[in-house]
Structure formats: C-alpha cells, structure tokens
Amino acid sequence: MPIQIKMPALSPTMEEGTLAKWLVKVGDKVSSGDIMAEIETDKATMEFEAVDEGTVVAIEVAEGTEGVKVGTVIATIAGEDDGDAAPAAAAVSAPAPAPVAPMPAPVAAPAAAPVAAAPAPAPAPVAAAGDRIVASPLAKRIASEKGIDLGTVTGSGPHGRIIKADLDVAAPKAAVAAPAAVPAPVAAPVAAPAAAPFSTDIPHEAVKLSSMRKTIARRLTEAKATVPHYYLTVDISLDKLLKLRAELNAALAGEGVKLSVNDLLIKALGKALMLAPDANVSFAGDNLIRYSRADIAVAVSIPGGLITPIVTGADVKSISAIQKDMADLAARAKAGKLAPHEYQGGTASLSNLGMFGIKQFVAVINPPQGMIMAIGAGEKRPYVIDDALGIATVMSATGSFDHRAIDGAEGAQLMQAFKTLVEAPLALVA
Amino acid sequence: MADQYDLLVLGSGPGGYVAAIRGAQLGLKVGIVERELLGGICLNWGCIPTKALLRSAEVFNQMKHAASYGLAADNIRADIDAVVKRSRGVAKQLNQGVTHLMRKNKITVHMGTGVIKGAGQVEVTGEKGTEVLSAKHVIVATGARARDLPFAKADGDRIWTYRHAMVPPAMPTKLLVIGSGAIGIEFASFYNDMGADVTVVEMMDRIVPVEDADVSAFLEKSLTKQGITILTGAGVESIATSAAGVKAKIKGKDGNSAEHDFSHVIVAVGIVPNTENIGLEALGVAAERGIIAIDGYGRTNVPGVWAIGDVTPGPWLAHKASHEGVIAAEAIAQALGNTEVHPHPMDRLNIPGCTYCHPQVASVGLTEAKAKEAGHEVKVGTFPFIGNGKAIALGEAEGFIKTVFDAQTGELLGAHMIGAEVTELIQGYVVGKTLETTEAELMHTVFAHPTLSEMMHESVLAAYGRALHI
C-alpha cells in the first residue's frame, strides 16, 4: 500500500519549513529510522526519519523548496506488499485516493524523548493540584480526546484562556515530558507587521530575512512589548571561582575536561534558582508556574542569529556534565542541528557578553521564562576586601525579571544567592 | 513636526466611527474624515432606514391579518410617502447621535474627501478648502457602494439601487429585483408587503445563496406563498426603459429567454469597495479587485495604513466592520506602546448574518454543506416553530432552527434560523460559539418559558436525538 509522507511538524509552533535536502531518491529502499531528508524550520535544521519500510516511489516536493506547509505530502513510499515500485507509483498518481498515512508520529518522537544524557528528573509540575485551568469547553474536550495536558498549554484567548486554536498545535502528552513545559503562546499578541516596502536613497542591499531572524524579531518584540521587565545588577568577585576553576581543570586534565567560567556560572544560576525558588517561575495567564528543576537556556551566537540551547537540571548536574552538554549543544547549534526540545523551554536564561569586554548590559527575557541573567566581563577593579581597598577580579551581573511573576525582593534574593555561590564557589561542587 | 493625530480614520460608517471611539477610549488623539454624512451608509442609507421601512411593512402586514387575532381593522392602506418620511426621520436621529458621540469622545471631525498623500499624510478637500492632516496611523474605512449592471445603470427613475429604493419617487406596481442576497430579498419583501407585484431573479440555483440550503428552500416557498415570483438559475439579459416602464429580457432556468414588463427595477447584485482615488495605489497598498488585503488585525502591507469593513474581504456587514474597527484601534494603541490592550484577531466564523425579510433569516458559522466540505462529520438538529408555544401564541408558526455540530468534538459549527424574530435570537448562539461551547453546555442551559429561544435549546437536543417537544 503506498504511503504518503507528509511534512512533519517538528516543533509545536512549526507551520511550515524548508525542505533543505533529500537524502533518498526514487527507487531507494528505506526502513524505519533511515534519514530521508533534512528539513529546516525557523530554528534549526532537522533530520527527518523514515517511519515505514518501503521503496521511495515519488518525491513530491523538490529539495530547496521553502515554505512547505505542515501536512503537505512530500514523498510517497510503497510498502513491501506493493510489489515493485513502478505500479505503486502509478497507483499514487491515479485519482483513486491513496490511503493517507497519519502524521508520522515517530518523527515527532525524537523531540519528545528526554535528553539521553540527562539524569531525567521528574517533569516540572506545571500547575499545582486544584489550580483552575481556564479553558473553553471545546478546548477541554479536545484536550481530553487527544490526551493533551491543559496545564502545559498557554492560552491565547482573553485573560490567557485556552481556546481550540491553542490545541491545534499543542503536542500530545508524550511530548510534554520534554522540558518545553510551557510552549510559547501560539498566536503572538504582537504579530510582526506585514512586509513593508522600504525605500532609502542610501546605497544598500536588501537581505532576505531567514526564518530564524523572523522568529527572533517576533519573539523579542513580543517579549519587550508584553513582559514588564525590571533589572537588578550586582558586582561579584570572581577570584575564588577562578581559583576553583583552575584547580578543577588541573584535577580533570587527565580526563580531557576543561571547564569554562560560563560552565560554572550555569551551575551557579541553576543552584541559585533552587535557593530562591520564587524566581524559578513562569507567568502563564491565570497560573503561576513554579518549577522544581532549573533548566538553563544559554544564549549561543550562531551564523545568522542566536539560539538558546538548554542545559536541563543545571541545579543537580555536575559542572563537568554541564561542560559536556554545552560543548555538544553549542557545536550542534552552530551546525543548525538542534532538536526543538533542546532549545525550547528552559526555566531561565543566561547570556554572557564578557568575552567582548562588555562591562554590563541588560538582556531581553525569553518568554515564558521569568528571568535572564546578563553576565559582563570579569576585570580587575578596586574592591573592598576585609574592609581594605584591594584589587579583585569583578564582574557585573544583571538579572532581567518578569514583574508579573517575580517581585523585586524575590528577584533580589536570586541575585544575592547567585552572588554568594560565585563568591563562595565550593558549594557548586558539593 | 509632531503628528496632529495618533489615529486618523477615513470614513465614518459603522467601522470608522467605532474605530475612532475605541481609539479615543484608549487615549489616542483621533480625527475622522467624512465626505458625506456621519454614520456612513449603515445608519443613513442602509441598515437602519431599511429596518424602519420593514417595520412599517410588518405592522401593515399584521393589520391585514388583524382578523386572525380577533381584531377588526377596516379600510387599511399604506402611505408610502409617510412610511419613507418615518424612515428618514429615524436615520436623521441616529446621524445626530453619531455627531454627539464624536463630540463626547473628543474626536475631531473633518468634513471632506480624504486622500492619503504619503506615510501619515492625508489631504482633505471640503467645502472650506483643502487641508493636510498628519497622523501616525491611518485606518481606511471608506466602505462600499452598489455594484452596477452594465446594461442596467441605475437612473433613480425606473432603475434603482438600494438607495433609490429607500426614497422611491413612486410606489412601484410591478417590481423586478435583480439579486437575492440580503438587500434584494429585504426590498422584495418590503415592496411585496406594501402591495407591489414583485419578481426576484437570482443567477444561483437558490435564493439567499450564502445561507444553509434548507433555509433557502424554506424562504423560497414562503415568499412564493406571499405572492412573490422567484426565478432562480435565471439571468437578466437586457433592460430597456421607456416612459411606460421597463422591459426586461430574462433567461430562465430552462434556457429560454422571454420579455417581461415592470414598472421599476432594483439592482442588488453586490457591492464594490470604495478604494479608488484615495491614494492607495500610489502608496502600494496591496489589494485584489479593489478589496484591500489585511491581517487579522486590519494591517495592510504598508506600515501605518490599516483597513476595516467593506473595503476588506467579506462578509460585508456593519457589525463586522465595527468589530474590525475595535480590533484595529486596539492594535494601533498597542503599537503606540499601550500594554494594557490585548486585541484578538477576527474570527470570521463567528460573525452572524441577518436578513430582515418576512420571515426573518439569521445564521452564524458553517452551513451543513460547508461543514461537510470542511471534512467534519456532523450532527444536525432541526426544530420547527410549529412545536413552540410562544410562536403559536404570536401567530408566527412558520420557520425552524437548525444547528450543526461536529460529531466528534461537539463543537457548534453553525446555526441557521428562519422565522419570526430570529435576528434577535441568533446572538445566543454567537455568544456560545465565541466561548467555544459544546453541545453539553447548551443542553445544560435553562431557557426561559415561554419564549422563542426554547427552540434554540430544542434544536441542540434534536441534534443528539433528545428533542422534547417533537
């Protein structure tokens, strides 16, 4: 029986994608798990695996095609019982409707599987028991039929009410286990304005926006327009942390592990979030989501934009495990090969521009996260040590907080915990 | 130079003036440009004055049937001039109401014809001369006008548009109505009630073609019984006017053409958006056949230029224009930094439509056929007026209410009604649909007795085989 292969939804918000490359051609035999194509979404290039066994009898969408809508038939394969390929191909082009294969679930599955390396702590509880979830009757019924946990869905209706449209893109329960606990609202309250003709006399070239750049524009505009930010800055002495890092690296040299300052700061932020849990939260309409795990999204600059791969369970992971995660995530981020669950979600973000000598900056929150920590350069500054003016390596860290979810004192407690952990860093290895 | 306005609205119809008020409520500095009458077509030459006419027809109709209510009314007659005069009075009262609303909301009214000259620049030419206004955002709400038939250009004498039909120079004796949409059917119903011999010609195979097929069939039967001649699948091929009247060549369903004599013709074959000569082409505003392309919030492709109402894709209804006006004004306030407003994009499936003929027609959402076309497995319930106590007491036992549900999810996909007062009933379903109710909530709702609305309940119950009074 010929099977229609459709453009998969590789992330909850994906509506269309670019068919970057075909790795099979007509006549190739494929079996479950074989990589058939590379598909570029707004965030990453992903490998598209075959789900069924059979022979490719038709490639319906040429490689390089942009804007292929989810659900479009991109290829047809003939199952094993179809005999040889040629008649199957004929059968497909015949008007008789070919049985439509359901959206290939296993393709979505890799996104849903927990990160193999992660110690897989219990999924963050997204809504305390008894909390009322505001959803339309229709949304409730569809959710119960599709097995979607409404506590994981952000509503786009009035006052965050969950409506049918929010579920059309929400993943079924299996996918919820991924750290992407609170998918971003589907209908962005601030839609990017339609393309406008731009005119200028200044010599220029117009560079077409990549889908990543469009997503960045939309998400950050939305964040700045809808999230009430406030900012808290602390100066933190790094000397003890630098010393600890040198000792750890010396001790780990045999294993070929080299920890960066950033790896230690990821750990410190993860741990600080657990010490100041009021700041490890998301604002979700009528609910406040309190996370019981700290997943740190780390801003990584990549060609054409930036992406925020997530170190899950940074509060419990060892620093060397964080280093390994980051090396792997950053490399794959630069290659555009991250799976959606590896960059969507997270409970807080960390952005470090210290390597550029930036003394201090404020970052834009990445909703639905409640905070982002902006790390400036560590530099030798006059510093009061034991009531005497001395010289210390000091950095300025600035937290941006969502005031809807985190009040000033709660944010300040996080900053204080972070400072304490960095200045007395042995707690990071305890 | 600072902009004079945050928001300037072109056109003061039900889309434009509502957008202006919403903008003013949100603290924007708002101006509005109107070339003719505040309130636009709707309340001066459309929805409202026609309802005044139809009310006269309804009362007249009831007087004619006084005996069936145990009352005597002898020598009754209609005075078309007085009926029209009442209709104009109603329009005038509302026009003054809009003037008051503009003043109350501190919206500056510029009387004249506006042309967008560039980004945020609008030139207004009025009786007092020409002035150039500047605004951060401009909403185009210039509405639409009746579509002409090339061979039957309206002259106001024998060949009328809706506008002539509202202030007729003479009472037609034998009237041809071309087109059976809401406007055509309403005038057919009005003039029939007033005593004219009316013929309706519709190209499609049924009248009120946007409605559910069951409603079309029921209405055709009812209007025929009232004496209206209905020709579906038919087209008018030519019109010739003379001092004596109008000769129309009509090609019938059977393919044969024949000439018919009429005293007057009403052309009601749709509308054309008023998007010419207001500077949109020069700005590069994307449009297809004059209809401006917008997103769910009314944005055009040109930043700072928005469009609502009849200049945008249909349905072309006043309440749709008003709602779009609210959404656009909120989106503009948001763009100007207001973080308190959260506009939601327009959902076209939740816009009700009403036709005020006798019997009335009202609907929302998908027809049964459209629901099936969209791939829904449906559950359909129908309940007739004859099974409702209030309807019988009113002497209005004609009509039905039909509901269409998705069999799997219980989503209310559409509701279709024909009969007395259904234009007032439909809103119950619209609220339910907007709240995304399923059949369960509608079944759990208590409906007052005795009311026509009980039929809405029964129709839902009928869809699930649970109707009580049938």
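In what follows, chains are A, B, ... by sequence order, proteins preceding strands, each numbered from 1.
Listed for the D278(A) side chain is no donor-acceptor partner under 3.5 Å among the backbone atoms of E410(A). A donor-acceptor pair is defined here as one N or O able to donate and one able to accept, closer than 3.5 Å; no such pair exists between the side chain of H137(B) and the backbone of A135(B). Although no hydrogens or angles enter the test, the distance criterion places no donor-acceptor pair under 3.5 Å between the side chain of T339(B) and the main chain of T226(A). Using modelled atom types, no side-chain atom of T312(B) and backbone atom of I308(B) make a donor-acceptor pair closer than 3.5 Å.
When each of I294(B), L435(B), N338(B) is scored by its heavy-atom pairs under 4.5 Å with chain A, the top score falls to L435(B).
Exactly one of L26(B), D6(B), L7(B) qualifies for a side chain to side chain contact (heavy atoms under 4.5 Å, CB included) with L336(B). That residue is D6(B).
At a heavy-atom separation below 4.5 angstrom, chain A is approached by Q408(B), T409(B), G410(B), E411(B) within residues 404-416 of chain B.
Of the atoms belonging to I142(A), it is side-chain heavy atoms, and not backbone ones, that fall under 4.5 Å from chain B. With a 4.5 Å cut-off on non-hydrogen atoms, P228(A) does not touch chain B at all.
Residue E340(B) places its CD atom among 12 or fewer non-hydrogen atoms of other residues, nucleotides or ligands, all under 6.0 Å distant.
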(request) Apply salt bridge (Lys or Arg N to Asp or Glu O under 4.0 Å) to E436(B) and K164(A), showing your working. (result) CA-CA 8 Å; E436(B) 293 194 342; K164(A) 181 188 172 199; over 6 Å; no
